[in-house]
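Note that the coordinates shown come from a computational prediction; the quantities given were computed from them, not determined experimentally.
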Amino acid sequence: MAALVVLMFGASLGPEAALAGVVGGMITWMGDHLKITFEHKDELLKLSIGTMLATIFRAPFAGISEVFDNKHPFKLKNKARKIGLYAISTLFGIVGFLFIEQFSPEESVFALHFSTTIQWEWQALLFAPLGWLVGGIFGWIFLKIEKLTNKIAEKINGIMIKAVLAGIGIGVFGLVSPYFLFSGEHQLLPLSKEALQFSFFNLVLLGIGKAILTNFCFAFGWRGGKIFPAIFSSTAIGFAFVSLFPYTPGLLVGVVVAASLTMILGQPYLSMSLLLFLFPIQFFPVILLSSLGLGKVKNFVEAKYAETSK
């Protein structure tokens with residue numbers, strides 16, 4: 001019911017939390033009826049959530065990425081077995097989803113594609129590191145907004161008061177632009193066609209505003225996922241960067257989004273596996289370097305900070 005309210009009122013959140021709740025309920029049911037231990041129940045839950053992410057993003061590698069991103073992997077005998085298990089479950093999840101989708105087909109921006117219209121410009125290589133830095137900074141801003149909205153929410157008592165305030169926020173942002181509403185998945189394609197007609201200032205406001213509304217909704221009890229909104233807001237910032245440096249725009253946007261999403265999720269393999277199905281295949285090597293590089297830098301900084309705080 002909560003998921004229906006979030007979706008109907010246009011909250012800037014994805015469906016991941018609601019689907020994870022369904023998956024968790026099913027695993028609990030299985031555990032009760034099949035006498036699965038709590039340890040195995042946790043393994044199945046992680047496996048199922050990975051499959052769910054791969055399915056809703058139409059990105060098979062998103063399910064397998066859990067094996068590489070998980071710093072504290074659950075107990076299976078070896079990594080090859082885990083990869084095989086995740087791959088099989090992801091495959092069945094996507095096949096089932098595609099079968100059901102035939103009854104209500106829709107256009108999706110997430111698809112594996114090879115572009116033949118890319119105009120390569122050598123200047124893009126010069127500005128790619130700057131785009132990587134911009135993406136990392138925006139990801140850091142997104143996380144700071146998350147902490148700020150959580151602190152504000154902690155000071156307000158009453159679930160209904162929080163829900164109403166978040167609803168007012170949704171209405172106010174919706175009056176400014178419909179791009180602020182919903183998860184952002186279905187707005188990515190229109191944005192990519194119209195973004196270069198927007199000013200730099202408007203694109204920056206769109207990216208930051210989306211980040212604010214997403215974290216505001218989440219902190220104030222409108223439960224959902226942040227992955228779709230994070231991709232959308234990062235894309236808006238990427239187009240803002242491209243409006244200043246219009247050299248191979250798709251490549252520079254990909255660099256910004258890869259760095260930002262890796263900073264927000266803290267999972268470079270998941271980030272690049274999702275973006276493989278969002279950007280042309282030709283851009284993937286640069287996206288891979290951006291995600292892995294930002295992941296290494298983030299881990300290094302966090303380790304140094306942990307040492308100095310002791």
Side chains of [X] and [Y] in contact at under 4.5 Å (non-hydrogen atoms):
{"X": "Leu206", "Y": "Phe239", "value": "no"}
{"X": "Val176", "Y": "Leu205", "value": "no"}
{"X": "Phe241", "Y": "Leu252", "value": "yes"}
{"X": "Thr214", "Y": "Leu13", "value": "yes"}
{"X": "Phe138", "Y": "Ser233", "value": "yes"}
{"X": "Ile137", "Y": "Val134", "value": "no"}
{"X": "Val253", "Y": "Ser192", "value": "no"}
{"X": "Ile118", "Y": "Phe283", "value": "yes"}

Quick check on the hydrophobic clustering: are [X] and [Y] connected, directly or via other members, by side-chain heavy-atom contacts under 4.5 Å?
{"X": "Leu148", "Y": "Val172", "result": "no"}
{"X": "Leu143", "Y": "Val301", "result": "yes"}
{"X": "Ile237", "Y": "Trp140", "result": "yes"}
{"X": "Leu125", "Y": "Leu288", "result": "no"}
{"X": "Phe284", "Y": "Val256", "result": "yes"}

Between [X] and [Y] (side chain of the first, backbone of the second, donor and acceptor by atom type, cut-off under 3.5 Å), is there such a pair?
{"X": "Trp132", "Y": "Ser290", "value": "yes"}
{"X": "Lys298", "Y": "Gly266", "value": "no"}
{"X": "Thr149", "Y": "Glu146", "value": "yes"}
{"X": "Trp120", "Y": "Thr248", "value": "no"}
{"X": "Ser243", "Y": "Ala240", "value": "yes"}

From [X] [atom1] over to [Y] [atom2], what is the distance, rounded to the nearest 0.5 angstrom?
{"X": "Leu294", "Y": "Asn299", "atom1": "CG", "atom2": "CG", "answer": "9.5 Å"}
{"X": "Leu203", "Y": "Gln197", "atom1": "CG", "atom2": "CD", "answer": "11.0 Å"}
{"X": "Ser12", "Y": "Lys226", "atom1": "OG", "atom2": "NZ", "answer": "10.5 Å"}
{"X": "Leu251", "Y": "Gln119", "atom1": "CG", "atom2": "CD", "answer": "13.5 Å"}
{"X": "Thr235", "Y": "Gln187", "atom1": "OG1", "atom2": "CD", "answer": "11.5 Å"}

If every non-hydrogen atom of [X] is compared with every non-hydrogen atom of [Y], which pair is closest and at what distance?
{"X": "Gly136", "Y": "Ala259", "answer": "N-CB, 3.7 Å"}
{"X": "Ser271", "Y": "Leu265", "answer": "OG-CD1, 3.9 Å"}
{"X": "Cys217", "Y": "Ile170", "answer": "SG-CG1, 3.7 Å"}
{"X": "Pro190", "Y": "His186", "answer": "CD-O, 3.2 Å"}
{"X": "Leu261", "Y": "Ala230", "answer": "CD1-CB, 4.0 Å"}
{"X": "Asn150", "Y": "Ala219", "answer": "OD1-CB, 3.3 Å"}

Discussion item. Does Ile156 form a side-chain contact (heavy atoms from CB on, under 4.5 Å) with Phe220? I'd like the steps, not just the answer.
Written reply: CA-CA 9 Å; Ile156 300 175; Phe220 279 65; 3.6 Å; yes

Worksheet entry | Phe142 and its side-chain contact (heavy atoms from CB on, under 4.5 Å) partner, picked from Ile212, Ile208, Ile264 |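 One option only clears the test, and that one is Ile264.
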
Worksheet item: Phe245 vs Phe127 aromatic rings, parallel, tilted or perpendicular, using cut-offs 30° and 60°?
Response: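 Ring orientation of Phe245 relative to Phe127: parallel.
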
Worksheet item: Do the ring planes of Tyr179 and Phe198 sit parallel (below 30°), tilted (30 to 60°) or perpendicular (above 60°)?
Response: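 Perpendicular, since the angle between the ring planes exceeds 60°.
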
Item to complete: For the residue pair Asn215 and Lys147, confirm or rule out a side-chain donor-acceptor distance under 3.5 Å.
Response: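 Note: Asn215 and Lys147 side chains miss the donor-acceptor criterion.
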
